[in-house]
Amino acid sequence: MAEQARQQKVHITTFGCQMNEYDSSRLASLLASHGFVPAEDAESADLVLLNTCSVRERAEHKVYSYLGALRELKQRRPGLLIGVGGCVAQQEGKRLLDSVPYLDLVFGTQALERVPELIEEARAGRRVVCTPGEPMPVGLAGAHEADHPQLRPGLKAMVTVMTGCDNFCSYCVVPYVRGRERSRPASEVAREVAQLTAAGAREVTLLGQNVNSYRDPERGLDFAGLLEMLCREPELWRLRFTTSHPKDLSPALVEAMAGLDKVMEQLHLPAQSGSDRVLAAMKRGYTRRQYLERVADLRRRAPGVCLGGDIIVGFPGETEDDFAQSLSLLEEVGYDFLFSFMYSDRPFTKASKLPDKHLEAEKSRRLQRLQELQRGISLARHRALVGSVAEVLVEGPAKRGQGLMSGRERGGRVVNFEGKAELKGTLARVRVKEGLVNSLKGRLVGPAGGVEP
Ligand code: SAH
Ligand code: SF4
Ligand code: F3S
């Protein structure tokens, strides 16, 4: 009897945002259906894939240094195949093959379905690039997604509901590497959510670069409608979504957040700057006042909402006064969490051609100042929650802090508390005892229903 071929092992490393994580999990599932099993590390793999991010220069550098570390492995094991996918692959295309001689395949953000055949080509000794600019027809992509459910989802899962972006903010590479905005049919999203809950997921985060501009291509349902539809899934306890663009925050969505119990009170609403002059140069499509009005409206209807933002410091030409307005925006909004970045020139973008670029040292100074201010704000907001009772989906033992269990409350804040390991996977009520910068500490009050048998 012929000896059975050893199973091929694949190792996938993911950089960048949750959308890349989602794509990597789909890729893993697709490759599993082609006989690949996961490898523990690159060292033990037959195929190493990188799913890459290009949003800032530093993210792109990480990819090249990771690739650099693989060179020696490839020298030792010439049979090893190395592939790069995702946003850097889409951006660079064939240039990547030219600059990294030991690279075997390059696949763009819209070419996931093609990866198995590209691997075959690479195995036959041909170095291949596949970076189509246009998405696969919806039907084809749909068939693929239904056929390849995510492998072993945990308690929390992600589902991409729309891809691409049409906003072309002047600093951002995403529209160039992810293509035009395209929503998945609601029926397909619902099917995937049902598959995930059947496999044990209880919380789903819907993903999109601009998730609230979602529009069902089949029935025209908007994003609020999609949320309402998904809430009917009986085994789903919690729905979150990210990221929302301020200009598309509709009253219907605010209503859905206020009215639908399964939709968590959390909103990531990046402002990017507090200065109207900079917002206009960024082409964000709203003013500081409009942004603040949306936030006030949201807080009126969903008072406990946990609000997050993104701020870029050191945009070309950002004056000291512009920067001061970003600082005052943080105070006026009172963000619960904030992601902040130093402006970084990206290929293709309008901002990269602007004059008056800042030095790294200046951007770094502004970033530190902003982050220091936000730490105080986050701490104060967390401390204000002391005494309240939080509904926590218990995820398991806390990363730090012996014997503590950990989970997230409805707003998405991490809550650590003393409790038994059996609480994992249940909803618990926890009284908040202490507010820290990045988490809350509390005491278990009791179960909050929804406990699995
Ligand atoms: N679609 C999302 C954000 C995607 S990129 C949105 O519009 O909110 C994630 C964050 O990276 C952005 O919100 C922005 O703050 C930051 N970012 C994007 N391009 C950048 C650049 N060129 N330099 C610095 N930060 C950038
Ligand atoms: Fe980039 Fe703007 Fe699109 Fe967000 S909305 S992905 S920042 S272009
Ligand atoms: Fe990065 Fe691409 Fe996401 S550029 S942030 S991985 S869409």
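One-based numbering, in listed order, for ligands and for the atoms of each. Bear in mind that the values here come from a model prediction, so they are computed numbers and not experimental data.
A salt bridge links Glu362 to Arg365: one of the charged nitrogens lies within less than 4.0 Å of a carboxylate oxygen.
Among Gly86, Ser54, Cys165, the residue whose heavy atom sits closest to atom 4 (S) of ligand 3 is Ser54.
Around atom 2 (Fe) of ligand 2, the protein N, O or S atoms found under 2.8 Å comprise Cys169 SG.
At a heavy-atom distance under 4.0 Å, only side-chain atoms of Cys87, from C-beta outward, approach ligand 3. Residue Lys363 does not touch ligand 1, judged by heavy-atom distances below 4.0 Å. The side chain of Pro270, and not its backbone, has at least one atom closer than 4.0 Å to an atom of ligand 1 (non-hydrogen atoms only; side chain from C-beta on). Residue Gln209 touches ligand 1 through backbone and side chain together, judged by heavy-atom distances below 4.0 Å. Contacts with ligand 1 closer than 4.0 Å are made by side-chain heavy atoms of Phe341 only, the backbone lying farther away.
Between His268 and Phe337, a ring centre-to-centre spacing shorter than 6.0 Å is recorded.
Within the structure, the closest approach of Met342 to ligand 1 falls below 4.0 Å when heavy atoms are considered. Residue contact annotation: Arg178 has no non-hydrogen atom under 4.0 Å from ligand 1.
Considering backbone and side-chain atoms alike, Ser244 places every N or O at 3.5 Å or more from each N or O of ligand 1.
Nearest non-hydrogen protein atom to atom 7 (S) of ligand 2 is Tyr171 OH, 3.3 Å.
Near Arg56, meaning under 4.0 Å from one of its heavy atoms, ligand 1 places the atoms 11 (O), 16 (C), 17 (N), 23 (N), 24 (C), 25 (N), 26 (C).
For atom 1 (Fe) of ligand 3, the N/O/S atoms of Cys53 include one lying under 2.8 Å.
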